Amino acid sequence: MDLLFLGTSSGTPTRARNVSALALLEDTGKAWYLIDCGEGTQHRLLRTPLSLHDLRAICITHVHGDHCYGLPGLLASAGMMGRKAPLTIIAPQGIETWVRATLSMSQSWLSYELDFHAVETLSEWRSPNMRIEATELSHRVPCYGYSFSEARPDPRLDIERLERDGVPRGPLWGQLARGFDIEHEGRVLRSDDYLSFSRTPRRIVIGGDNDRPELFAEACRDAQLLVHEATYTEAVANDARNDFGHSTAAAVARFAQAVGLPNLVLTHFSARYQKSAGRGHSIEHLRAEAAALYAGQLLLAEDYMRLHLGKDGNLTRVEPPDSSRPPRRGSESGA
């Protein structure tokens, strides 16, 4: 499982960081998932190997514009590129009304169906290789985080049971092995009943905006990685004039340490935090605040950063080829 960060700024973009968007890639095939879709996300995708034809589902955390304003444009572009497969969108209920109204008003015709699922009533959503669950968070508007778990970690067919149940070798076995339920001699055979798994499934938890990291306690059980916003340092957030509805680097680090998470990635940084330490607030202040409280592997997300979570639970950074590496800029700020 890989993560590819497409936008890591909060509120507004900077020269180095776009607003929120994150891609999660399956190990097998080209299928991928998009978590949030801030304005400009489709342009960020042009610098990646990802195709809108292979997008399996979009998960939107909440209705604030820096997390969803890029959605209608991305959907329209997928249609102009000839996508045919239906696309699942898991999002707060208001998103469907807004998206369909925007597409209608702009007379945008899609060549594929949109399959909306209201996150408020979602128990889980499954594809052959992935299981998605939602966690309600604490923000200024209803907001959710998403857990992505492998549905079939290294599956092995239960040959003895298949033979006992009279399922003939051949295509039927192959469909069951790939996670599809089948019908045989008037019976529905569930793939899960004929598979065993040789290792613990990988689990990645990805948060939306949230000022109470502890709400992820259950979701992070058995997780190898948490991606969580750390918009501010405590010095800024504790200013009595401010009520942001966001987490500090320290708050997320305390939580991750308390629940024993092996890997933590911070993202969604306020534009006030610059790359250079000589210009007021520095991104390194966020890193230092978290590192003082968290003993696991800590990373601060950057746009186009790609991470690989191996089957052994180890998280490593994947360096892109030089030809696809985005240009370096001297400043985080757009001003």
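All figures in this text were calculated on a predicted structure; none of them were measured in a lab. The figures here come from the full heavy-atom set of this structure, side chains too, leaving out hydrogens, waters and symmetry mates. Positions are given from 1 along the sequence.
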Output yes when a side-chain donor or acceptor of [X] lies under 3.5 Å from a complementary backbone atom of [Y], and no otherwise.
X      : Y      : answer
Arg83  : Ala85  : yes
Asp303 : Thr8   : yes
Glu229 : Ser247 : yes
Asp209 : His246 : no

Counting C-beta onward and ignoring hydrogens, is there a side-chain heavy-atom pair between [X] and [Y] closer than 4.5 Å?
X      : Y      : result
Pro201 : Arg131 : no
Gln274 : Thr14  : no
Arg203 : Glu133 : yes
Leu3   : Val265 : no
Asp66  : Thr12  : no
His268 : His67  : yes
Tyr144 : Leu122 : no
Met1   : Glu26  : no

Return the minimal non-hydrogen interatomic distance between [X] and [Y], and the atom names on each side.
X      : Y      : answer
Cys68  : Trp98  : O-CH2, 3.2 Å
Gln42  : Leu74  : NE2-N, 3.8 Å
Leu315 : Gln297 : O-NE2, 3.2 Å
Ser270 : Tyr232 : CB-CE2, 3.7 Å
Glu150 : Met130 : N-SD, 4.4 Å
Ala291 : Leu298 : N-CD2, 3.7 Å

key: ILVMFWY network linking Val252 to Tyr273, side-chain heavy atoms under 4.5 angstrom   = yes
request  = Kindly work out whether a path of hydrophobic side-chain contacts (I/L/V/M/F/W/Y, heavy atoms less than 4.5 Å apart) joins Leu22 to Trp32.
outcome  =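 No, because Leu22 and Trp32 fall into different hydrophobic clusters, even though each may have its own neighbours under 4.5 Å.
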Within this structure, what is the [atom1]-[atom2] distance for the pair [X] and [Y], rounded to the nearest 0.5 Å?
X      : Y      : atom1 : atom2 : value
Phe255 : Asn210 : CZ    : CG    : 9.5 Å
Glu96  : Ile89  : CD    : CD1   : 8.5 Å
Thr267 : Phe5   : OG1   : CZ    : 5.5 Å
Lys84  : Leu87  : NZ    : CG    : 14.5 Å
Ser147 : Ile204 : OG    : CD1   : 10.5 Å
Thr200 : Asp222 : OG1   : CG    : 7.5 Å

inquiry  = Taking side chain to side chain contact (heavy atoms under 4.5 Å, CB included) as the definition, give me every residue that meets it alongside Ala251, ordered by chain and number, with sequence neighbours left out.
reply    = Pro213, Thr248
message = Which residues pass the side chain to side chain contact (heavy atoms under 4.5 Å, CB included) test with Ala21, not counting sequence neighbours?
response =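 Ala21: side chain to side chain contact (heavy atoms under 4.5 Å, CB included) contacts with Leu6, Leu34, Thr41.
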Side chains of residues 49-58: which donor-acceptor partners sit under 3.5 Å, not counting sequence neighbours?
unit_1	atom_1	unit_2	atom_2	d
Ser51	OG	His53	N	3.1
His53	NE2	Met81	O	3.1

ask   = Which pairs with one or both residues in residues 250-265 pass salt bridge (charged side-chain N to carboxylate O under 4.0 Å, His left out), sequence neighbours excluded?
value =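 Qualifying pairs: Glu234-Arg254.
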ask   = Does anything in residues 27-37 pair up under salt bridge (charged side-chain N to carboxylate O under 4.0 Å, His left out), and if so which pairs, sequence neighbours excluded?
value = Asp27-Arg202
query = Under 4.0 Å between a Lys/Arg side-chain N and an Asp/Glu carboxylate O for Arg169 and Glu163?
reply =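 Salt bridge present between Arg169 and Glu163.
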query = Which word best sums up how the rings of Tyr146 and Phe148 line up, parallel for under 30°, tilted for 30 to 60°, or perpendicular for over 60°?
reply = tilted
request  = Using the test side chain to side chain donor-acceptor pair (under 3.5 Å), find all partners of Asn314 that sit at least two apart in sequence or belong to another chain.
outcome  =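 So Asn314 forms a side chain to side chain donor-acceptor pair (under 3.5 Å) with Asp312.
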